[in-house]
Number of protein chains: 2
Amino acid sequence: MPRAATTSDVFNAIAEPRRRAIVDALVDGRAHTVGEVAERLRIPQPAASKHLRVLRSVGIVTVSRRGRHRLYRLNAKELKPVHDWVKTFDRFWTHHLSRVKERAERKMTAR
Amino acid sequence: MPRAATTSDVFNAIAEPRRRAIVDALVDGRAHTVGEVAERLRIPQPAASKHLRVLRSVGIVTVSRRGRHRLYRLNAKELKPVHDWVKTFDRFWTHHLSRVKERAERKMTAR
DNA sequence: TTGACATATTCCCATATCGGTATATATAAT
DNA sequence: ATTATATATACCGATATGGGAATATGTCAA
């Protein structure tokens with residue numbers, strides 16, 4: 001069986017580079033139309049719609065209507081699980097720990 | 001065309017839950033055999049081998065041989081790009097939101 | 001050498017995924 | 001009402017994916 005659906009798993013949803021680009025494009029916190037996103041990423045409108053749909057299905061973006069436009073907004077809180085997971089490894093590239101502390105941490109996580 | 005290959009993109013490699021579980025299992029920094037990983041995740045040996053191969057191809061794990069065993073070790077540095085990317089959004093949940101923004105967000109997610 | 005053990009690889013199958021194109025839906029404008 | 005605009009959806013084709021089962025490879029032990 002394939003992996004968990006992109007439409008239900010945040011990690012999977014952001015595995016697609018264009019979707020990360022969309023998230024990046026929405027980081028200003030403002031609402032953006034599908035057309036704006038499509039133009040910004042230089043992808044056809046249906047592609048933008050589809051990617052936005054995936055992001056919406058996992059809650060990373062929210063939609064509202066205004067006239068014939070759909071306004072998409074970033075809902076970055078949904079990325080927290082990703083942050084939480086990857087943060088458990090940041091000590092591997094952060095060198096602020098003394099050697100003693102390092103060993104202690106290793107011991108702790110070794111359980 | 002499908003998304004970028006799991007074997008070349010870190011985001012994609014960790015989009016698979018079992019592979020994240022493997023990474024979690026290796027966080028103690030010690031070397032683990034394929035058999036240990038397979039047993040820990042309760043998956044067949046070939047599955048463990050295959051997932052480890054993917055993780056290896058993107059550099060998240062490294063291998064060494066000892067006797068008839070292969071020792072896999074976490075190389076967590078390769079997760080830094082993920083951390084760096086998602087960190088650009090952490091202000092959305094670590095910063096205290098103003099009351100106005102909070103209301104706005106509640107409204108949006110209430111839809 | 002033979003046999004046991006550890007791991008990797010191959011083959012097959014079912015399915016999800018993405019891009020493209022065409023079309024449907026909805027709303028605004030004339 | 002008709003037309004233009006904005007977005008979503010449906011369909012299709014090519015391909016990657018992950019699981020299972022069988023097998024290959026490699027290494028140690030007797």
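So that the names make sense, note that chain A is the first sequence line, chain B the second, and so on, each numbered from 1. In this text the structure is predicted, and so the values were computed from the model without any measurement.
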What's the closest nucleotide to the A:R68 side chain, out of D:dA4, D:dA21, D:dA29?
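Selected nucleotide: D:dA4.
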Among the nucleotides D:dA8, D:dG18, C:dT7, whichever has the atom closest to the side chain of B:Q45 is C:dT7
*Is it true that B:K87 and B:D84 have a side-chain N and a carboxylate O under 4.0 angstrom from each other?*
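Not counted as a salt bridge, because no side-chain N and carboxylate O are separated by less than 4.0 Å.
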Starting from [atom2] on [N], measure out to [atom1] on [X] and report it in whole angstrom.
X: A:E39; N: D:dT5; atom1: CD; atom2: C1'; result: 15 Å
X: A:R42; N: C:dG19; atom1: CZ; atom2: P; result: 17 Å
X: A:I43; N: C:dT17; atom1: CD1; atom2: P; result: 17 Å
X: A:E16; N: D:dT15; atom1: CD; atom2: C1'; result: 14 Å
X: B:L41; N: D:dG18; atom1: CG; atom2: P; result: 14 Å
X: A:N12; N: C:dT17; atom1: CG; atom2: C1'; result: 10 Å
X: B:I14; N: D:dT17; atom1: CD1; atom2: C1'; result: 17 Å
X: A:L52; N: D:dT9; atom1: CG; atom2: C1'; result: 14 Å

Give B:P44 one of three labels, base, sugar-phosphate or nothing, depending on what nucleic acid heavy atoms sit under 4.0 Å from its own. sugar-phosphate
* When all nucleic acid strands are considered with a 4.0 Å heavy-atom cut-off, which category describes B:R65: base, sugar-phosphate, or nothing? ->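 Nothing, no heavy atom under 4.0 Å.
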Could you tell me whether the phosphate oxygens of [N], OP1 or OP2, come under 4.0 Å of any side-chain nitrogen or oxygen in [X]?
X: A:Y72; N: D:dA8; answer: yes
X: A:R18; N: C:dG19; answer: yes
X: B:R53; N: C:dA8; answer: no
X: A:R70; N: D:dA6; answer: no

Verify the ring-centre separation between A:W93 and A:F89: is it less than 6.0 angstrom? no
Query - Short side-chain to backbone donor-acceptor contact, B:R73 and B:G29, under 3.5 Å - result: yes
ask   = Do A:H51 and A:R19 get their side chains close enough for a donor-acceptor pair, meaning under 3.5 Å?
value = yes
Of B:A47 and B:H69, the one whose nearest nucleotide on DNA chain C sits closer to the 5' end is B:H69
*asked:* Closest-nucleotide mapping onto DNA chain C: is B:K50 or A:R66 further toward the 5' terminus? I mean the 5' end.
replied: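 Whichever sits nearer the 5' end wins; that is B:K50.
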When every non-hydrogen atom of B:D9 is compared with those of B:V58, the smallest separation belongs to N-CG1, 3.8 Å
Assign each of B:H51 and B:P46 the nucleotide of DNA chain D bearing its closest heavy atom; nearer the 5' end lies the nucleotide of B:H51
